[in-house]
Amino acid sequence: MTTSPAAHHPTGADPAPEPPAGRPAEPARTARAHSFNAAAAQYAANRPSYPPALFDAIEDLTGRPLTGSRVADVGAGTGIATALLHARGANVVAVEPGDGMAAQFRRALPGVPVIRGTGDDLPLADDSVDLVTYAQAWHWTDPARAVPEALRVLRPEGALALWWNTDALDVPWIAEAAARTERHFGIDVSAEKRNLDTRAADPTGRLDFTRRTVRWSRRVPVDTHLANIGSHSVFLVHGAEHTAAFLAAEREHLLRAFPDGLVEEVYEVVLLLAETPA
C-alpha cells in the first residue's frame with residue numbers, strides 16, 4: 001500500500017491530515033487504506049519508481065550489499081519497490097494486506113513470494129530477516145506496534161528502512177500545482193515533509209534514524225501524470241465527479257506548462273533508516 005503521511009500533490013505521496021504520528025485520522029484512514037485495491041492496475045501502471053541512488057544509500061548506511069540479504073518489504077502494494085530490491089539481488093518476501101494490490105503484485109512478480117499481513121502483526125518468524133523495508137507505507141502502521149514487530153523479525157545488526165517519494169516543492173510548476181490541490185481538496189501540502197521525521201516514525205524513541213534525501217526526476221506523458229495523481233488515496237475517496245473536475249482543469253494547466261505533452265515530475269525520496277539497537 002503506497003501513500004504518504006501527509007498532504008501531497010501532484011507527483012509524490014498521498015495527502016493526509018496532520019499527525020498524530022503522521023498518520024491519517026480514523027475513519028478516513030481506513031477508507032483511504034482500502035481505496036487502492038480497486039485502483040491497483042492504475043497504480044501499478046502509473047506510479048513512479050525509485051532511483052538506484054536510494055538503494056546505494058541503504059547499502060551505505062547498513063554497510064552491506066543488498067545482494068544475498070533477506071528482506072521483508074512490508075506494505076508492498078503492487079511490487080514497485082519489491083521488484084527493485086529483487087533486481088539488486090535481495091532475497092525478498094513481500095507483505096501486503098490488500099486483495100487488489102496483492103493480486104496485481106502476483107501478476108507482476110510471479111516468482112516473488114507475497115504473504116498477507118500488516119506491519120502491526122508481521123507474519124514472519126523471529127530473527128528471520130536482515131532488512132525490513134516500507135516504501136511509502138509506514139504511515140499506515142501503528143508505530144507502537146510496528147516498531148516492536150520490526151525489531152522482532154530482524155536479525156542482530158539488521159535494519160529498518162522507510163522511504164517516501166515527495167514532491168520537489170522548490171520547482172515552480174510543482175508548487176503551483178500543490179497550491180491548486182490545497183484549494184480544491186482543502187489539504188495542507190507542505191505538511192508532508194514536516195511529518196517525515198524521527199518523532200513521527202517512532203514516537204517511542206527506541207530507534208535512532210538516519211535521514212538521507214535523494215533527488216530524481218522522470219518525464220512522462222500528461223495522461224500518465226494525471227493517472228499517477230489520480231491513483232492517490234485523496235483522489236480515490238473524494239468521489240469521481242469531484243476528482244474528474246480537478247483532473248480536467250489540471251490537464252489544461254499542465255499543457256500550458258508543458259506544450260509538448262511531456263511532464264517532468266521531480267521528486268525527493270526521503271529515506272529514514274535505523275539499525276537494530278545493540
Side-chain angles (χ1 to χ4, degrees), residues 1-4 13-14 23 29-45 47 49-50 54-55 58 62 64 66-164 201-202 207 231 233 272-274 276:
M1 296 163 46
T2 311
T3 55
S4 160
D14 288 74
R23 293 183 291 119
R29 179 172 180 258
T30 299
R32 290 176 58 179
H34 290 291
S35 68
F36 301 106
N37 289 298
Q42 176 183 348
Y43 187 115
R47 283 291 184 109
S49 186
Y50 303 100
L54 168 66
F55 302 96
I58 292 172
T62 60
R64 56 181 177 271
L66 285 165
T67 300
S69 295
R70 175 74 170 167
V71 179
D73 187 29
V74 188
T78 62
I80 295 172
T82 310
L84 296 172
L85 290 161
H86 180 70
R88 295 284 289 229
N91 181 10
V92 190
V93 58
V95 179
E96 168 56 41
D99 291 338
M101 299 293 264
Q104 188 70 38
F105 182 104
R106 292 188 181 97
R107 284 191 287 271
L109 298 169
V112 179
V114 56
I115 54 180
R116 304 299 295 280
T118 72
D120 295 344
D121 187 15
L122 289 171
L124 301 170
D126 295 0
D127 303 318
S128 59
V129 297
D130 302 301
L131 180 67
V132 175
T133 61
Y134 282 82
Q136 304 194 202
W138 181 253
H139 51 282
W140 296 119
T141 71
D142 175 359
R145 298 174 62 188
V147 168
E149 277 293 274
L151 293 175
R152 178 183 66 79
V153 304
L154 282 168
R155 294 168 177 163
E157 299 183 353
L160 172 64
L162 324 174
W163 67 82
W164 294 265
D202 178 21
L207 297 174
S231 73
S233 62
L272 299 176
L273 187 142
T276 53

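Fair warning: this is a prediction, and the values are worked out from it, not measured in the lab.
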State the [atom1]-[atom2] distance between [X] and [Y], to the nearest 0.5 angstrom.
| X | Y | atom1 | atom2 | result |
| --- | --- | --- | --- | --- |
| Phe55 | Leu66 | CZ | CG | 7.5 Å |
| Leu160 | Thr133 | CG | OG1 | 8.5 Å |
| Thr118 | Glu96 | OG1 | CD | 10.5 Å |
| Leu85 | Asn91 | CG | CG | 11.0 Å |
| Leu54 | Leu84 | CG | CG | 8.5 Å |

Contacts of type side chain to side chain donor-acceptor pair (under 3.5 Å), residue Arg116, not counting sequence neighbours: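 Asp99.
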
Tell me, do [X] and [Y] make a side-chain contact under 4.5 Å, heavy atoms counted?
| X | Y | value |
| --- | --- | --- |
| Ile80 | Arg47 | yes |
| Thr276 | Leu151 | yes |
| Val112 | Asp73 | no |

Plane angle bin for Trp164 and His139 - parallel if under 30°, tilted between 30 and 60°, otherwise perpendicular: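 The arrangement is tilted - the two ring planes meet at 30° to 60°.
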
Side-chain donor or acceptor of Asp120 paired with backbone N/O of Arg145 under 3.5 Å: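 Looks like no, no N/O pair under 3.5 Å.
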
Arg64 side chain vs Asp130 backbone, donor-acceptor pair below 3.5 Å: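 Yes.
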
Can you give me the closest heavy-atom contact between [X] and [Y], atom names plus distance?
| X | Y | result |
| --- | --- | --- |
| Tyr134 | Ala146 | OH-CB, 4.4 Å |
| Leu273 | Ala159 | CD2-CB, 4.2 Å |
| Gly79 | Leu109 | O-CD1, 3.7 Å |
| Pro143 | Pro148 | O-CD, 3.8 Å |
| Ala81 | Tyr50 | CB-CE1, 3.9 Å |

Verdict with supporting geometry, Trp138 and Leu272, side chain to side chain contact (heavy atoms under 4.5 Å, CB included): CA-CA 11 Å; Trp138 181 253; Leu272 299 176; over 6 Å; no

Scan the side chains in residues 122-129 for donor-acceptor partners under 3.5 Å anywhere in the protein, sequence neighbours excluded, and list what turns up.
residue, atom, partner, partner atom, Å
Asp126, OD1, Arg152, NH1, 2.7
Ser128, OG, Ala125, O, 2.7

Pairwise salt bridge (charged side-chain N to carboxylate O under 4.0 Å, His left out) hits with a residue in residues 76-91, at least two apart: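 Residue pairs passing salt bridge (charged side-chain N to carboxylate O under 4.0 Å, His left out), neighbours aside: Asp56-Arg88, Glu59-Arg88.
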
Val93 and Arg70: CA distance, side-chain angles, deciding distance, side chain to side chain contact (heavy atoms under 4.5 Å, CB included) verdict: CA-CA 8 Å; Val93 58; Arg70 175 74 170 167; 4.1 Å; yes

